[in-house]
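Keep in mind that what you see is a predicted model, and the values were worked out from it rather than measured.
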Amino acid sequence: MPIQQALAVASSSSATVPLPGSGDTLRRWQFLAASAAEDLTTARILEAHLDAVAILAEAGEALPPGSTWGVFAAESDAVRLDARTASGRWVLEGTKPWCSLAGDLSHALVTAHTPSGRRLFAVDLAAGRESGAVEVEVGAWHSRGLVEVPSGPVHLHRAPAEPVGEAGWYLRRPGFAHGGIGVAACWFGGAVGVARALRHGTRDDQLARYHRGTVDLRLRNARLALEAAAVDVDAGAATGRAGEVLAAQTRAIVAEAAEDVLRIVGHDLGPAPLTFDAAHAARVADLTVYLRQDHAERDVAALGEMLEKLDETADQETEEGTTWPS
């Protein structure tokens, strides 16, 4: 789908896709997954925009009509973005890395450093580009996946900004974990799209059947993890440390399943669809890049650290025999 058309879909979905924790979280993630199964570029745009919509709703902030949003929260040791007050207003100065579609979006939520810690700000990108306060660096994006979603640096020069929440709120809020699981829903959908190629495979032997069965199991495990997470989010059981653990678990399960799907489909079908089927080759490249939002072994190690800090006594308060052993 062309970028401008995808942005129009994102804008129109603002009021129709349920917010996480609204009682219909599963439908939100199913929407993202279904979009990703068809086109990961579109899903990448939808996921970021809808995450921004959810963040603004969580903060009690209004969404400008017809706007399209990104969330620029990545950090780098090489660059830094600072926020300060000038003439009674907040302005942003410095460079922000990994700013997807900064040259096309109308607005973005951006984290910046303040004397009180990292804080989230809303920035009118369209006005900033016009005034020169927002300078999008071009030519840095050499990716072979998600080619149409450049995620290069943005340089901000006294760019006007509106604070969203207090310092530290962006990472502390319950929705941070919920948004991370929304990304996993896109990974799942992307893996479904790649797996569909097995239906058209030319091999008809026991190994091909094994590959298709294994892919089915991996996708089922990922789907069940997302469904279970949606239940917890809607029940209010995914806040604080519990929300962090749930997001880490769900993302790791889905990411591992998606990587297995990429590997198994590649083993089964060989090089032909990667070299002669443009749509399949794009899905594989897009999913490969998108999955690197997961930090693999480092994220699983972080999960292990979270589990060490859990209060085991609180986890075992349920009556014996009424829950799964752990």
Problem - His107: ring pair (Phe, Tyr, Trp, His ring centres under 6.0 Å) partners, not counting sequence neighbours - result: Trp69

Practice task
Could you pull out all residues at least two apart from Arg292 that satisfy side-chain hydrogen bond (donor to acceptor under 3.5 Å, both in side chains)?
Solution key: Glu259

Exercise for the section: Report the residues that fulfil salt bridge (charged side-chain N to carboxylate O under 4.0 Å, His left out) with Glu244, sequence neighbours left out, ordered by chain and then residue number. Expected result: Arg241

Problem - Passing option when Arg283 is tested against Val192, Val194, Leu262, Val265 for side chain to side chain contact (heavy atoms under 4.5 Å, CB included) - result: Val194

Completion exercise
Applying side chain to side chain contact (heavy atoms under 4.5 Å, CB included) to Ala285 and not counting sequence neighbours gives none

Exercise for the section: Would you mind telling me which of Arg172, Arg119, Arg173 makes a salt bridge (charged side-chain N to carboxylate O under 4.0 Å, His left out) with Glu166? Expected result: Arg172

Practice task
Applying side chain to side chain contact (heavy atoms under 4.5 Å, CB included), name anything that partners Ala229, two or more places apart in sequence or on another chain.
Solution key: Trp29, Ile181, Leu246, Thr250

Exercise for the section: Give the minimum heavy-atom separation between Ala225 and Ile253, together with the two atoms involved. Expected result: CB-CG2, 3.9 Å

Handout entry: Any side-chain heavy-atom pair of Thr41 and Ile3 under 4.5 Å
Key = yes

Exercise for the section: Please list, chain by chain and in numerical order, all residues satisfying side-chain hydrogen bond (donor to acceptor under 3.5 Å, both in side chains) with Arg218, sequence neighbours excluded. Expected result: Asp260

Problem - By side-chain hydrogen bond (donor to acceptor under 3.5 Å, both in side chains) - contacts of His280 (at least two apart) - result: none

Exercise for the section: Could you tell me which residues satisfy salt bridge (charged side-chain N to carboxylate O under 4.0 Å, His left out) with Arg223, sequence neighbours excluded, listed by chain and number? Expected result: Glu227

Problem - Shortest non-hydrogen contact from Ala102 toward Val154 - result: CB-CG2, 3.4 Å

Problem - Residues which pass ring pair (Phe, Tyr, Trp, His ring centres under 6.0 Å) with Phe31, listed by chain and number, not counting sequence neighbours - result: none

Practice task
Establish, from distance only, whether the side-chain atoms of Thr111 and Lys96 form a donor-acceptor pair under 3.5 Å.
Solution key: yes

Completion exercise
By side-chain hydrogen bond (donor to acceptor under 3.5 Å, both in side chains), Asn221 pairs with (sequence neighbours left out) none

Exercise for the section: Determine whether the side chains of Ser11 and His49 contain a donor N or O and an acceptor N or O closer than 3.5 Å. Expected result: no

Exercise for the section: Hey, could you give me each pair passing ring-ring contact (aromatic ring centres under 6.0 Å, His included) that has a residue in residues 110-160? Not counting sequence neighbours. Expected result: Trp90-Phe121

Exercise for the section: Show which residues join Val138 in its hydrophobic cluster (side-chain heavy-atom contacts under 4.5 Å, direct or indirect), or state none. Expected result: none

